[in-house]
Amino acid sequence: MRTDGYPMEKYNPQAIEAKWQRRWEEEQTFRAAEDAAREKYYLLVMFPYPSGRIHMGHVRNYAIGDVMARRQRMNGKNVLHPMGWDAFGMPAENAALKEGVHPGEWTWRNIDAMRRELKTMGLSYDWSRELATCDPAYAHWEQALFLKLYEKGLVYRKTSLVNWDPVDQTVLANEQVIDGRGWRSGALVERRELAQWFLRITAYADELLAGLDKLPGWPETVRTMQSNWIGKSRGLEFSFALKGRSDRLTVYTTRPDTILGVTFCSIAPEHPLARETAQRDPAAAAFVRECLSGAVTEESLERAEKKGFDTGLQALHPLTGEAVPIYIANFVLMSYGSGAVMAVPAHDQRDFEFARKYQIPVKVVIQPADRKLVPHLMTEAYTGPGVQVHSGPYDGLDNETAKQRIIDDFQDKGLGEARVNYRLRDWGISRQRYWGNPIPMIHCPSCGVLPVPAEQLPVPLPQDVEITGAGNPLERHPTWKNVPCPKCGAAARRETDTMDTFMESSWYFLRYCCPDLNSAPLDRARVDHWMPVDHYVGGIEHAVLHLLYARFFHKALRDVDQVSCDEPFSRLLTQGMVRKDTHRCPTHGWLYPQESVEGEDEAGLCCVHCGQPVVIGRNEKMSKSKRNVVDPGELIAGYGADTARLFMLFAAPPERDLEWSDSGVDGAWRFLGRLWRLTLELHERAPDAQPARTLPENAELRKLRRKTHATIAKVTDDFERLQFNTGISAVMELINDGGQTLAQSPDPLPPETAAVLRELAESALLLLHPYVPHVTEELWERLGHEIPLSRQSWPVADPEALTKEEWTIVVQVNGKLRARLVVPAETPDAVLEEMALEDERVQTHLMGKTVRKIVVLSGRLVNIAAA
RNA sequence: GCCCGCGUGGCGGAACCGGUAGACGCAGCGGACUUAAAAUCCGCCGGCCGAAGGCUGUGCCGGUUCAAAUCCGGCCGCGGGCACCA
């Protein structure tokens, strides 16, 4: 490309980006309003927690979302693309603890800082719909929704276990428990029972599971994960009579076929029978206490050794009448089924280990086809298929048939019921924290637990609060919790628990539809207009909890007449993580990228503090703790938002992890430079050229125009497939070809050349606009356009220019490439076959062989099978 | 342990329905321009043997097919989810 004689203005992203961001804001380009005439498109990205700074994960998430939003706008859709803040949560309280700043002040300050940072990315949000979940207005309507669910019977209170820090006198979240100790006090964490609020998500277990099949736009992995999380199982519920007592022991099993192999029962430490035993037996009490010590984290539970305690009670087998012992076992969960299990050591691994440890008999009732199980020789349980033995009337049946027959028989005799169980538990939403939304309930000593009357909402958080890390700040507040009972007027007490922050993220996408509404949580008409979300973009880490809670909450809201659709998110795109290698100095530990510098000689990277060689570690998710982070602010300040966005979108397809690469960023920068120079030089040399509308006379130019239109088709298609990286590479090719043609063309440019290049450049700007909106707007304007690119339509490929005038035919002999034929398009198969056989190189490879078969794929390939 | 997903050059990745493996980019090498550097532009770039050309090659082994990175079976490796759910 020639540059002499054309002193060209350099690409200056900082100036351009500020200009266009200002312009879009002034012109309200991305303001969304309901419009019955146009098809709506709701593009949602997961709103961030306002930690204070944006990180590369945000940049990637929001770049992907913005590309899709801008693309749909160019497609003529009426796009809603909002942004807000997931603003309640523990970090604000931690900051309060550390820096003495009020959580609210800290949060709002962070929101301002992050909004400023996000705005430098040039994202096409409708900022007029911005919301923060800690805003009293948002919290107000969330409390109102909570009460609607309460009225519907979807909210209830029950006791449940929490992590209790005995020194700080406070409840700990799982992540605050480190090696079984409180993160601040270091005290051994205890399990403590506390009355807490729950949402009845299990009432929707079946619908949540079945709904997954109606979400073809969701990644298979996410659906599988949710399905496993719900964990539906079918089995039999029945009860054992207890020897010498009138009460019974209810159990649930998925293996009724093994029922005649029962040699004991086990119950959870929290089971009523275990409590009863503990009351009369100090040794049992000690065992139960031991089981309940330690944190509730999965980690600690899973490591625990299997232990039991014989209650001395005996269960009577419903079929044989045989008496079997009942053990308290530390691995039985009170929260699943009935908290009691029939134990079949021969056919369940846990029961087997337990039986061996406590010398309980093993009774085989299923024999596999390939070997014979002998109880005292077994080293593990047999859980596979087989034939029933020692099973009385069921002997000889295969176990699957026996399973059904036993369920039927139990039902017929009224001994038990077929039952479905779920792994999914009800959603505990109580948090003993300050910085969350208060649960709007009141405890009256005489009237019991009552909802706060609607006209008294919202329950506000007190501003004058002391965050000490000990106890629950709301509980400790001197006056806040004192209120008159709404029913009897007597002195009552507010609920001091606040809601899980997953509550806020379960309906924010609905509130975006009507953020200004101040008379109700939601405006049904506007919500119905925009919902469901057409495409939701966010991190895979939210595959289960957030996305399952939001689906549940949405269905619950549907059942209290707040929304109409069944599922909130039609399509889901889960983007991969941003990763980078880690740098570690033997002395100074993890290093930030700027702390490891190129050493002398060939020493590689060295620590900037001590000069020792740096150990390059694994490529891992960017995280502060490993210090393998790159600050988006610096990247954007240095290269501009367009380069940052282009790199993020080009380096990997969205679903895959993205590996950070400094030189990859340089590559993106260089490409924008090429685009810049090509467009400006073309405009200098042919300022009045109009884009070509027909195929040129000149063969080379014809080819170039065909390339332009093939690129339009390819990028359009790649958008459908969400393959942003390959779409960008197609435009790169086009720009490379265009640059070559321009460099090789005489001055002044022949009109035909100018027209083809003009069309090429304009097409490239249109195609690239969703990815790199600022530089394309600027170049578009410099080409003389008055209507900005952000209001232009997506280009359509000219069908004539998409047809090929020649074919390149691949010729294979026995599947191996031997020749290429360039022929006029539409050459008949017979001619292709003939030409292939006549080809000199093909002849060489056919020498001494007999042609067995010839496969011709019109326009593409001829394969000659010979032997 | 169970359930998913993935293994392609020095690197990120492409090849969409089984049909030219390695597009595009990075790194590297060579060259042009320049007093020089930067920037920019051009060329080369899986491995082996070579002059043309040939052989080989998509984690490994086998199968289906005229044709396999792609489909099937079995291994190996990596990543993720769940993990006493009876």
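Model, not experiment: these values are computed from the prediction. Residue numbers begin at 1 in each chain, while the letters A, B, ... track the order of the sequences.
- Comparing B:C29 with B:A39, their P atoms sit 14 Å apart, to the nearest whole Å.
- Under 4.0 angstrom from either OP1 or OP2 of B:A86 there lies no side-chain N or O belonging to A:S266.
- Nucleic acid contact for A:S335: none, since no nucleic acid atom lies under 4.0 Å from a heavy atom of the residue.
- At least one side-chain nitrogen or oxygen of A:N736 sits closer than 4.0 Å to the OP1 or OP2 atom of B:G25.
- Between A:R674 and B:G25, a side-chain N or O to OP1/OP2 separation shorter than 4.0 Å is present.
- Residue contacts shown for A:S661 are absent, as no nucleic acid heavy atom lies under 4.0 Å away.
- Note on A:K714: a base of the nucleic acid sits closer than 4.0 angstrom, heavy atoms only.
- The CD atom of A:E237 sits 18 Å away from the P atom of B:C85 (whole-angstrom rounding).
- An OP1 or OP2 oxygen of B:C85 is reached within less than 4.0 angstrom by no side-chain nitrogen or oxygen of A:R234.
- Checking B:C84, B:C24, B:C26 against the side-chain heavy atoms of A:S729 singles out B:C24 as nearest.
- A close approach under 4.0 Å does not occur between any side-chain nitrogen or oxygen of A:K816 and OP1 or OP2 of B:G54.
- Nucleic acid contact class of A:Q723 (heavy atoms, under 4.0 Å, all strands): sugar-phosphate only.
- The phosphate of B:A86 has neither OP1 nor OP2 within less than 4.0 Å of any side-chain N or O from A:H347.
- Within 4.0 Å (heavy atoms only), A:V344 reaches no atom of the nucleic acid at all.
- Between A:N330 and B:C84, a side-chain N or O to OP1/OP2 separation shorter than 4.0 Å is absent.
- Regarding contacts with the backbone of B:G12, every side-chain N or O of A:R579 stays at 4.0 angstrom or more from both OP1 and OP2.
- B:G28 and B:G19 have their P atoms separated by 35 Å, given to the nearest Å.
- Among the atoms of the strands shown, none is found under 4.0 Å from any heavy atom of A:G337.
- Among the nucleotides B:C3, B:C82, B:C16, the one closest to any side-chain atom of A:D717 is B:C16.
- The separation of B:G59 from B:C16, taken at their P atoms, amounts to 16 Å, rounded to a whole angstrom.
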